[in-house]
Amino acid sequence: MTTTASAPTSRTAHTADLTPAELRAIRALLDDAFDGDFSDEDFEHGLGGMHTLVHDDAGRLVAHGSVVMRRVRHRGRWLRVGYVEAVGVRADARRTGLGGRVMAELERVIDRAYDAGMLSASDEGAALYAARGWEAWSGRVCGLGLEGVVHLPEEEGSTFARTALAGPLDPAFELVFDWRDGDVL
């Protein structure tokens with residue numbers, strides 16, 4: 001008699017509903033997924049919103065992503081944006097559809113609760129997002145700092161957007177992100 005591994009299970013919950021052990025497991029997964037290049041500020045950026053966690057049949061966390069609310073000005077209007085953060089898959093579980101599974105749940109949240117979805121993609125993650133219909137933002141990207149609007153040319157090309165409740169966005173008009181500690185995007 002052969003036994004088959006059960007399918008991974010997923011859970012979506014707000015940061016407030018995660019246990020300290022779950023938060024430590026998320027951090028460990030992200031440290032591993034980003035080869036140690038995941039800062040405390042990066043981790044903080046992924047808190048305060050909805051998380052999707054995927055566990056294997058042994059109960060180990062194998063994939064994670066979160067969506068948090070940010071404000072982005074576009075065409076003179078401040079949008080409520082579901083900003084995707086902290087997407088990572090354990091190295092031995094990559095290319096098995098878990099990243100897509102995490103994104104499908106985060107996209108469900110974005111589509112029903114936010115004016116638009118946005119994210120900043122790593123080179124490794126860009127293909128996943130493009131394959132799911134996210135579009136690389138072809139317009140200007142800025143941040144609102146203490147001295148006013150600051151152009152962020154290094155974020156152009158890696159910023160992706162998803163149409164949601166606000167409808168299509170126009171790249172002829174800049175995106176101005178709310179400022180935050182660490183990387184703005």
Side-chain angles (χ1 to χ4, degrees), residues 3-71 81-114 117-132 134 136 143 152 154-155 157-162 177-185:
T3 59
T4 58
S6 58
T9 59
S10 61
R11 172 176 170 234
T12 299
H14 193 276
T15 302
D17 296 321
L18 300 177
T19 67
E22 286 176 310
L23 290 169
R24 285 190 301 274
I26 292 166
R27 179 58 194 254
L29 170 80
L30 295 169
D31 284 340
D32 179 60
F34 287 90
D35 295 323
D37 190 26
F38 198 79
S39 71
D40 290 342
E41 288 168 335
D42 292 332
F43 185 65
E44 183 181 311
H45 293 169
L47 301 177
M50 299 299 291
H51 299 256
T52 296
L53 299 89
V54 180
H55 293 87
D56 65 13
D57 59 345
R60 295 173 301 208
L61 183 64
V62 291
H64 170 271
S66 62
V67 61
V68 298
M69 193 189 92
R70 301 224 20 220
R71 290 287 186 178
V81 169
Y83 199 82
V84 174
E85 292 282 3
V87 176
V89 177
R90 199 172 69 199
D92 64 345
R94 291 185 184 140
R95 308 278 181 244
T96 62
L98 296 179
R101 185 171 175 171
V102 166
M103 287 304 299
E105 183 59 17
L106 299 180
E107 290 162 357
R108 182 191 70 80
V109 171
I110 290 167
D111 292 348
R112 293 181 179 184
Y114 293 100
M118 294 183 189
L119 58 85
S120 181
S122 65
D123 292 340
E124 297 81 16
L128 168 67
Y129 307 125
R132 298 192 58 77
W134 288 74
L152 302 170
E154 67 278 5
E155 298 297 340
S158 64
T159 299
F160 281 68
R162 175 182 179 85
F177 285 83
D178 55 353
W179 201 265
R180 61 186 185 177
D181 290 338
D183 297 331
V184 175
L185 298 187

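Only a predicted model underlies this, so the values are computations on that prediction, with no experimental measurement involved.
Applying the salt bridge (Lys or Arg N to Asp or Glu O under 4.0 Å) test to residues at least two apart or on different chains, the pairs with a partner in residues 10-22 are Arg11-Glu22.
How far CE of Met69 is from CD1 of Ile110: 13.0 Å, rounded to the nearest 0.5 Å. Taking CG of Leu30 as the reference point, atom CZ of Arg90 lies at 13.0 Å (rounded to 0.5 Å). Atom CG of Asp32 is separated from atom CG of Leu61 by 10.5 Å, given to the nearest 0.5 angstrom. Taken from CH2 in Trp134 to CD in Glu107, the straight-line distance is 6.0 Å, to the nearest 0.5 Å. Remark: Glu105 CD to Ser10 OG distance equals 6.5 Å, nearest 0.5 Å.
Partners of Arg60 under the salt bridge (charged side-chain N to carboxylate O under 4.0 Å, His left out) rule, at least two apart in sequence or in another chain, are Asp56.
For Ser66 (side chain) and Ala86 (main-chain N/O), no donor-acceptor pair under 3.5 Å exists by modelled atom type. The backbone N or O of Ser39 lies less than 3.5 Å from a partner atom in the side chain of Asp42, making a donor-acceptor pair. Arg70 places a side-chain N or O within 3.5 Å of a backbone atom of Asp178 that can act as its donor or acceptor partner.
Between His51 and His64, the ring-plane angle classifies as tilted under the 30° and 60° cut-offs.
For the side chain to side chain contact (heavy atoms under 4.5 Å, CB included) test with Leu119, the passing option among Val84, Val81, Val67, Thr159 is Val84; the others fail.
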